[in-house]
A.B. asks: 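This structure is in structure tokens; I'll ask about it shortly.
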Protein chains: 2
Amino acid sequence: MHTPDATGTLYIVSAPSGAGKSSLVKALLGQDPDIRLSVSYTTRAPRPGEVNGSHYHFVTREDFLDRLARGEFLESAEVYGNYYGTSHEWIRSMTTAGADILLEIDWQGAAQVRRLLPDSVGIFILPPSIEALKERLEGRAQDSAEVIGTRLAAARADIEHAFEYDYLVVNDRFELALDELQAIVRARRNGIQRQMHRLAPLIATLLSR
Amino acid sequence: MHTPDATGTLYIVSAPSGAGKSSLVKALLGQDPDIRLSVSYTTRAPRPGEVNGSHYHFVTREDFLDRLARGEFLESAEVYGNYYGTSHEWIRSMTTAGADILLEIDWQGAAQVRRLLPDSVGIFILPPSIEALKERLEGRAQDSAEVIGTRLAAARADIEHAFEYDYLVVNDRFELALDELQAIVRARRNGIQRQMHRLAPLIATLLSR
């Protein structure tokens, strides 16, 4: 059976902690209704208000392990005894239907997903300076210098992988960084791969005699 | 001698007549100071107010033919006895210095330039419907049906090459099309190729202990 080309895009967004990724992603999703977060599979119980298929795909441990054994997950992890995974099939079905999906993930997960889905677009978010990074890492709580040092080392280990991404966005002024993220998504929608599907009918009428 | 990678981008913009390309390009250049039109070489005399190096590079016929013989032009044409040409070296020097350059050119010229400069970015602008295209082609003057038919045939011959470009922009609502053009240019500025030059000092300070 012929599988139509995916016309939506998977965006993989990574950043060291302290770069402000989550706020940027939340603002992007808030202003652009045509992009949505990847919905993970999980074995943990739904919390009050969480909707199956919207916040998570809630599944039993048996179901999850079956899917894992079948290689259905692009990446997966066990956290405090619960499993979490990103379904290859779910992302394919969403992007084939034309949806843009955003996946927040660390550089290891990103590398794994990009090997399997080379058409995905990687975006890495950077802090504007070492001072800003330190300030943001310190600002989180009244932690010891040692704890902050450990965080900084972890952030640096992430930043070492920045050049593996397609785009780099510096989060200096929040609104500017948000505009840059939005421009990346908008430009991709005008890309030939998507437009040759979307505009085929228009071009056919322009060319028909 | 080491030639640094070009960090600016050459944008090649094509469209059938009647698509509104010139107005869009003018508006883009008006709002984005970091992108400028390609400056052609020409053998025609400067008109009042035209500045050498800004509107055109004005050269003698002998100089032009020398450059042509040396293969300096990405593309060239003779119009009413005057020569016009796009200098490879000028574009390389501008983009190496980090400037974005926009070249308005037909599909034949675009194909020629893209073979020589595969890193350039091609954008094709389309009218939103056959009715809009006909209306715009008719609106130009009180021409005969035959003349309009010839223009329509020429527009269709251009549109047949739309899929050779990297981006397609439909000029339905002018402001929306302008936003899409601007997003393409902005996104490219966040691309890894340019950012790895521009952000190398920042990343070095983030990583240094």
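Model, not experiment: these values are computed from the prediction. Protein chains get the first letters and strands the later ones, always in sequence-line order, with residue 1 at the start of each.
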A.B. asks: Are A:Asp100 and A:Arg189 within salt-bridge range, i.e. N to O under 4.0 Å?
C.D. replies: yes
A.B. asks: Does any heavy atom of chain A fall under 4.5 Å from the side chain of B:Gln182, the backbone, both, or neither of them?
C.D. replies: neither
A.B. asks: Looking only at heavy atoms and a cut-off of under 4.5 Å, which of A:Ser208, A:Ala162, A:Pro16 has the most pairs with chain B?
C.D. replies: A:Ser208
A.B. asks: Taking atom CG of A:Leu28 and atom OG of A:Ser23, what is their separation to the nearest 0.5 Å?
C.D. replies: 12.5 Å
A.B. asks: What heavy-atom pair brings A:Tyr11 and A:Val185 nearest, and what distance separates the two atoms?
C.D. replies: OH-CA, 3.5 Å
A.B. asks: Which bit of A:Asp166 is near chain B, if near means a heavy-atom gap under 4.5 Å: side chain, backbone, both or neither?
C.D. replies: backbone
A.B. asks: Before accepting this row, confirm whether a basic side-chain N of the pair A:Glu180/A:Arg173 lies closer than 4.0 Å to the acidic partner's carboxylate O.
C.D. replies: no
A.B. asks: Can you tell which part of B:Ile184 gets under 4.5 Å to a heavy atom of chain A, answering side chain, backbone, both or neither?
C.D. replies: both
A.B. asks: If I measure from the heavy atoms of chain B, does A:Leu202 come under 4.5 Å with its side chain, its backbone, both, or neither?
C.D. replies: side chain
A.B. asks: Anything under 30° is parallel, anything over 60° is perpendicular, the rest tilted; go ahead and classify A:Tyr83 against A:Phe64.
C.D. replies: parallel
A.B. asks: Pick whichever of A:Leu168, A:Ile130, A:Leu126 has the most heavy-atom pairs under 4.5 Å with chain B.
C.D. replies: A:Leu168
A.B. asks: Sequence neighbours excluded, which residues qualify as side-chain contact (heavy atoms from CB on, under 4.5 Å) partners of A:Asp119?
C.D. replies: A:Gln193
A.B. asks: Tell me which of these, A:Arg198, A:Glu160, A:Arg194, has more heavy-atom pairs under 4.5 Å with chain B than the rest.
C.D. replies: A:Glu160
A.B. asks: Chain B heavy atoms under 4.5 Å from A:Glu131: which part of the residue, side chain, backbone, both or neither?
C.D. replies: neither
A.B. asks: Hey, which of A:Gly122, A:Ala187, A:Pro128 has the most heavy atom pairs under 4.5 Å with chain B?
C.D. replies: A:Ala187
A.B. asks: Go through the atoms of A:Tyr165 and report whether side chain, backbone, both or neither lie under 4.5 Å from a heavy atom of chain B.
C.D. replies: backbone
A.B. asks: Only pairs of heavy atoms separated by less than 4.5 Å count here; which of B:Leu152, B:Leu133, B:Asp179 has the most with chain A?
C.D. replies: B:Asp179
A.B. asks: So, taking the atom named CD1 in A:Ile203 and the one named CZ in B:Arg156, what distance separates them when rounded to the nearest 0.5 Å?
C.D. replies: 13.5 Å
A.B. asks: Kindly determine whether A:Phe73 and A:Arg67 satisfy side-chain contact (heavy atoms from CB on, under 4.5 Å), including the steps that lead there.
C.D. replies: CA-CA 7 Å; A:Phe73 295 119; A:Arg67 290 171 187 271; 3.6 Å; yes
A.B. asks: Could you tell me which of A:Ala157, A:Gly191, A:Ala155 has the largest number of non-hydrogen atom pairs under 4.5 Å with chain B?
C.D. replies: A:Gly191
A.B. asks: Could you have a look at B:Leu206, B:Thr205, B:Ile123, B:Ile159 and say which one has the most heavy-atom pairs with chain A under 4.5 angstrom?
C.D. replies: B:Leu206
A.B. asks: Do B:Arg44 and B:Phe58 meet the cation-pi criteria used here (NZ or CZ under 6.0 Å from the six-membered ring centre, within 45° of the axis)?
C.D. replies: no
